[in-house]
Amino acid sequence: MGIQGMELCAIAVVIVLFVAVLKQFGILEPMSMEDSSDSDIELSTVRHQPEGLDQLQAVTKFTKKELQSLYRGFKNECPSGLVDEETFKLIYSQFFPQGDATMYAHFLFNAFDMDRSGAIRFEDFVIGLSILLRGTIHEKLKWAFNLYDINKDGYITKEEMLAIMKSIYDMMGRYTYPLLRDDAPIEHVERFFQKMDRNRDGVVTIDEFLETCQKDENIMRSMQLFENVI
């Protein structure tokens, strides 16, 4: 698998890899049309009880049946109803055994752990998934900005962008064809950061991030690839 224009595709890579892992582990299974009242919801065996389906349906773009199916897959992988960071890292390490997925899984986990509790609840999972798969371009890009804004101060620094890019490269870049050089992430970040940092103040704001991405055809196409994944 080749990574061309990594500086343009990193946002899409986040979605591609996340969706691929979910499919691999059965969390994104085909939506059943059966009225599975037993999924509404079997809570007696789980430690964390998610919000009711009606509440989740109101804050996501999933139907009740889709939420039931997603919950079955989530519960199969996470019987406790919670996913901690080590479990998240384990899932990614199994999917990318020849790379080092530790840091990528760490950053992605933090993006989903909205309340900084150290665990991803089913609610966190489906709200984030709804944005990535069914959200508007603006919503998806805001989610991606939050991923890159590692310290959550409202800005992306070059160091933060490089950390995300290196985590993607460490996980899969060394096994791409043609083989990427070790300094490729740095070069890509330099080019992309210059493009985004429009006022040259050393940081990228949410407005700069949105404006740059929305003007890039490659990123806009990638944002639309996953609207009908489930």
Side-chain angles (χ1 to χ4, degrees), residues 10-11 13-19 21-22 25 27-28 41 43 46-53 55-62 67 70-71 73-96 100-136 138-168 170-171 189 196 203-210 213:
I11 298 167
V13 167
V14 168
I15 302 177
V16 172
L17 296 181
F18 182 64
V19 171
V21 169
L22 294 181
F25 286 92
I27 294 178
L28 285 188
I41 288 177
L43 297 178
V46 297
R47 184 155 47 88
H48 171 74
Q49 297 188 1
E51 297 175 10
L53 293 187
Q55 292 97 313
L56 288 176
Q57 189 176 352
V59 296
T60 67
K61 297 183 181 181
F62 295 126
L67 288 167
L70 286 168
Y71 182 71
F74 186 88
K75 189 175 67 173
N76 286 340
E77 293 303 318
C78 320
S80 70
L82 297 166
V83 183
D84 61 23
E85 186 171 338
E86 289 308 309
T87 301
F88 214 67
K89 289 177 179 177
L90 178 62
I91 290 173
Y92 270 85
S93 67
Q94 291 177 46
F95 197 70
F96 298 97
D100 183 358
T102 303
M103 288 310 298
Y104 177 82
H106 168 72
F107 293 138
L108 194 58
F109 179 88
N110 285 343
F112 272 88
D113 182 18
M114 294 182 292
D115 60 0
R116 301 290 175 264
S117 65
I120 297 175
R121 306 166 302 160
F122 180 67
E123 298 94 310
D124 300 327
F125 169 72
V126 293
I127 290 171
L129 193 63
S130 174
I131 292 172
L132 290 176
L133 299 183
R134 303 262 173 95
T136 64
H138 190 266
E139 289 170 336
K140 291 176 184 178
L141 290 175
K142 282 184 67 176
W143 193 94
F145 181 90
N146 179 61
L147 174 73
Y148 280 88
D149 179 17
I150 295 173
N151 67 0
K152 311 306 176 196
D153 65 351
Y155 301 96
I156 300 174
T157 64
K158 189 180 295 184
E159 290 74 22
E160 287 174 321
M161 188 174 286
L162 180 60
I164 298 292
M165 193 69 70
K166 278 181 59 62
S167 73
I168 295 172
D170 288 344
M171 181 168 59
V189 167
M196 284 194 164
V203 295
V204 173
T205 65
I206 181 64
D207 290 336
E208 288 174 322
F209 186 84
L210 291 172
C213 291

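Predicted, not measured: the structure shown is a model, and the values here were computed from it.
Between the R116 side chain and the N110 main chain, a donor and an acceptor come within less than 3.5 Å of each other.
L56 contributes atom CG, which lies 6.5 Å from atom CZ of F122 (distance to the nearest 0.5 angstrom). In this structure, CG in L108 is found 4.5 Å from OH in Y92, a value given to the nearest 0.5 Å. Between the CG atom in N146 and the CZ atom in F209 there is a gap of 10.0 Å [rounded to 0.5 Å]. Between the CD1 atom of I156 and the OH atom of Y148 there is a distance of 7.5 Å, given to the nearest 0.5 Å. Atom CG of residue D124 and atom CE of residue M114 lie 4.0 Å apart, to the nearest 0.5 angstrom. Distance CZ/F112 to CD/E85: 14.0 Å, rounded to 0.5 Å.
Smallest separation of non-hydrogen atoms from M196 and V204: CB-CG2, 3.7 Å. The minimum heavy-atom distance linking S93 with A101 is given by the pair N-CB, 4.3 Å. Contact detail for A111 and W143: the closest heavy-atom pair is CB-CZ2, 3.8 Å. For the pair V83 and F74, the tightest heavy-atom approach, listed with the atom from each and the gap, is CG2-CZ, 3.7 Å. The two residues G135 and K140 make their nearest non-hydrogen contact at O-CE, 3.3 Å. Heavy-atom minimum distance, L147 versus I164: O-CD1, 3.8 Å.
Not a single salt bridge (charged side-chain N to carboxylate O under 4.0 Å, His left out) links E160 to another residue, sequence neighbours left out. Listed by chain and residue number, nothing satisfies the ring-ring contact (aromatic ring centres under 6.0 Å, His included) test with F107 (two or more places apart in sequence, or in another chain). The side-chain hydrogen bond (donor to acceptor under 3.5 Å, both in side chains) search around D115 returns S117, not counting sequence neighbours. When the side chain to side chain contact (heavy atoms under 4.5 Å, CB included) test is applied to D153, the partners found at least two apart in sequence or on another chain are D149, N151, Y155. Applying the side chain to side chain contact (heavy atoms under 4.5 Å, CB included) rule to E139 yields the partners K61, I131, T136; only residues at least two apart in sequence or on another chain are considered. In this structure, S130 has no side-chain hydrogen bond (donor to acceptor under 3.5 Å, both in side chains) partners at least two apart in sequence or on a different chain. Applying the side chain to side chain contact (heavy atoms under 4.5 Å, CB included) criterion to K158, with sequence neighbours excluded, gives V189, E190, F193. The salt bridge (charged side-chain N to carboxylate O under 4.0 Å, His left out) check on D113 picks up nothing, with sequence neighbours excluded.
The shortest distance between side-chain heavy atoms of L82 and I120 does not fall below 4.5 Å. Q57 has its side chain out of reach of F62: every pair of non-hydrogen atoms, C-beta onward, lies at least 4.5 Å apart.
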List the steps, then state whether side-chain hydrogen bond (donor to acceptor under 3.5 Å, both in side chains) holds for D100 with T102. CA-CA 6 Å; D100 183 358; T102 303; 2.8 Å; yes
Taking it one step at a time, do M103 and K166 satisfy side chain to side chain contact (heavy atoms under 4.5 Å, CB included)? CA-CA 9 Å; M103 288 310 298; K166 278 181 59 62; over 6 Å; no
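Around NZ of K142, the count of heavy atoms belonging to other residues, nucleotides or ligands within 6.0 Å does not exceed 12.
Side-chain polar atoms of S167 and D170 form no donor-acceptor pair below 3.5 angstrom.
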